[in-house]
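Structure record follows, encoded as structure tokens.
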Amino acid sequence: MSTVREPGLAPLLAAWRALAQQGLVKLHEISVGDPSRLLVYAEVNPQAQQKVLIAAGVHGDEPVAPWSLYSIVRDGLLDPQYGYCLWVCTNPSGYELGTRHNCDGFDINRSYTEIGLTPEAQAIVATTRGQHYLLAIDLHEDFESEGFYLYEPCVRAQTPYGRRILDEVLEAGFALQALEASFDLGYPPDEIAALCTFEAGWVKPDYERESRYFSAGLPMTMYLLQHTARRSLTFETPLCATWDERLAMHRIAVVAALAQIARVEGLAEHG
């Protein structure tokens, strides 16, 4: 299950290009400036009518997430009934530098608008425009947490994915992050009660209120939820855990999410 741990973008792209040579993915490259900012996304089963988007690497100081996505594809863990758009690393320059921000000093995950406020967001917005995804997933890590947790926006009064994902993580022997009001979720402490509810490992933002809070520029999953995705999930693994533990948590969470799509879509049809 473990995979390459070399720093920088080049080993990651080389690994994905090897998958493409094996015929497992079709790669698309988008230049947004110098080579350190090369955006790459992979298609799997593109002829499928029902599609899922998975992204990683928007914060360059969260190194396991892109390799987790790679390992999921390499090991054949994607549910074959869906097509996939897989963003290999959405902040390549930050990944190369090991920084949260891109090489211009911007947090790409606060730059999604109708046109995008950063070159990376602009490219992803243009590429996903007009697409339709049953689910969008973004893989992250958190240097403050001690356990796994996820964000699942409450849409139409439902958060249908989280419980089973968290149960799978627990059954694999991993801890969930305790999410008391004092834990930093990126919201103003005096507004958090109005913006979301939470329990162990599970943040449930109010979709409409949260969108207004990020009015200057949205996170990627929030933008996709507004425009192209029916549901979204953000997974956070603890940076204090080992590389292989974090890799395993992401793999478990993604597989558990994909296994629920048919059930969730059935709920939507009959809701």
Side-chain angles (χ1 to χ4, degrees), residues 3-4 8-60 62-80 82-96 102 108-109 111-112 115-116 118-140 218-225 227-230 232-235 250-251 254 257-258:
T3 192
V4 183
L9 188 66
L12 179 67
L13 295 185
W16 279 94
R17 286 169 178 149
L19 293 183
Q21 291 175 352
Q22 297 169 42
L24 298 177
V25 301
K26 180 179 180 180
L27 291 185
H28 302 268
E29 299 185 355
I30 305 173
S31 176
V32 294
D34 63 71
S36 72
R37 302 181 79 162
L38 181 68
L39 281 172
V40 176
Y41 71 94
E43 287 186 302
V44 175
N45 196 19
Q47 71 278 6
Q49 292 186 344
Q50 297 182 315
K51 296 184 179 181
V52 175
L53 182 147
I54 311 177
V58 72
H59 295 141
E62 300 171 8
V64 166
W67 285 108
S68 301
L69 179 56
Y70 161 77
S71 78
I72 288 166
V73 180
R74 178 198 63 189
D75 294 345
L77 301 182
L78 295 176
D79 189 322
Y82 306 113
Y84 297 90
C85 177
L86 309 170
W87 288 91
V88 170
C89 181
T90 55
N91 180 10
S93 65
Y95 197 73
E96 186 71 21
N102 68 6
I108 296 170
N109 213 35
S111 71
Y112 284 87
I115 59 172
T118 59
E120 296 85 356
Q122 289 167 7
I124 294 170
V125 165
T127 304
T128 58
R129 184 174 290 120
Q131 299 298 313
H132 300 282
Y133 304 106
L134 298 178
L135 180 63
I137 302 173
D138 201 9
L139 308 183
H140 285 252
L218 300 175
M220 182 181 186
T221 50
M222 195 178 301
Y223 170 83
L224 294 172
L225 191 58
H227 294 87
T228 66
R230 294 183 65 143
S232 72
L233 295 164
T234 300
F235 298 150
H250 276 312
R251 288 161 57 101
V254 169
L258 298 179

[X] side, atom [atom1]; [Y] side, atom [atom2] - distance, nearest 0.5 Å:
X	Y	atom1	atom2	answer
I30	R37	CD1	CZ	13.5 Å
I72	I54	CD1	CD1	6.0 Å
H59	C89	NE2	SG	11.5 Å
Q131	H227	CD	NE2	14.0 Å
D34	S93	CG	OG	7.5 Å
N91	N109	CG	CG	9.5 Å

Exercise. With a cut-off of 6.0 Å (strictly less than), are more than 12 heavy atoms of other residues, nucleotides or ligands near CD of Q49?
Worked result: no
Exercise. Has H132 got more than 12 heavy atoms of other residues, nucleotides or ligands less than 6.0 Å from its NE2?
Worked result: no
Any idea which heavy atoms bring [X] and [Y] closest together, and the distance?
X	Y	answer
R251	S68	CG-O, 4.4 Å
L9	P35	CD2-O, 4.4 Å
L77	L258	O-CD1, 4.4 Å
G57	T90	C-OG1, 3.8 Å
W16	A42	CZ3-CB, 3.7 Å
L134	R230	O-CB, 3.6 Å

So, the side chain of [X] versus the backbone of [Y]: is there a donor-acceptor pair under 3.5 Å, distance only?
X	Y	answer
Y82	A48	no
Y223	A121	no
H140	A56	no
N102	E120	no
K51	P46	yes

Exercise. Does the side chain to side chain contact (heavy atoms under 4.5 Å, CB included) test come out yes or no for L233 and L135, once each step is laid out?
Worked result: CA-CA 8 Å; L233 295 164; L135 180 63; 4.0 Å; yes
Problem set entry | Aromatic ring pairing W87/Y41, orientation class (parallel under 30°, perpendicular over 60°, tilted between) | tilted
Any side-chain heavy atom of [X] sitting closer than 4.5 Å to one from [Y]?
X	Y	value
L39	P92	yes
Q47	N45	yes
S36	L38	no
V254	L139	yes
V125	Q122	no
F235	D138	no
T128	Y133	yes
L86	L78	yes

Exercise. Under the side chain to side chain contact (heavy atoms under 4.5 Å, CB included) criterion, do L53 and M220 qualify, and how do the steps go?
Worked result: CA-CA 11 Å; L53 182 147; M220 182 181 186; 4.0 Å; yes
Problem set entry | Derivation of the side chain to side chain contact (heavy atoms under 4.5 Å, CB included) call for R17 and L27 | CA-CA 7 Å; R17 286 169 178 149; L27 291 185; 3.8 Å; yes
Exercise. Side chain to side chain contact (heavy atoms under 4.5 Å, CB included) between Y84 and D79: does it pass, once the steps are laid out?
Worked result: CA-CA 10 Å; Y84 297 90; D79 189 322; 3.5 Å; yes
Exercise. Looking only at side chains, do T118 and S111 share a donor and an acceptor under 3.5 Å apart?
Worked result: yes
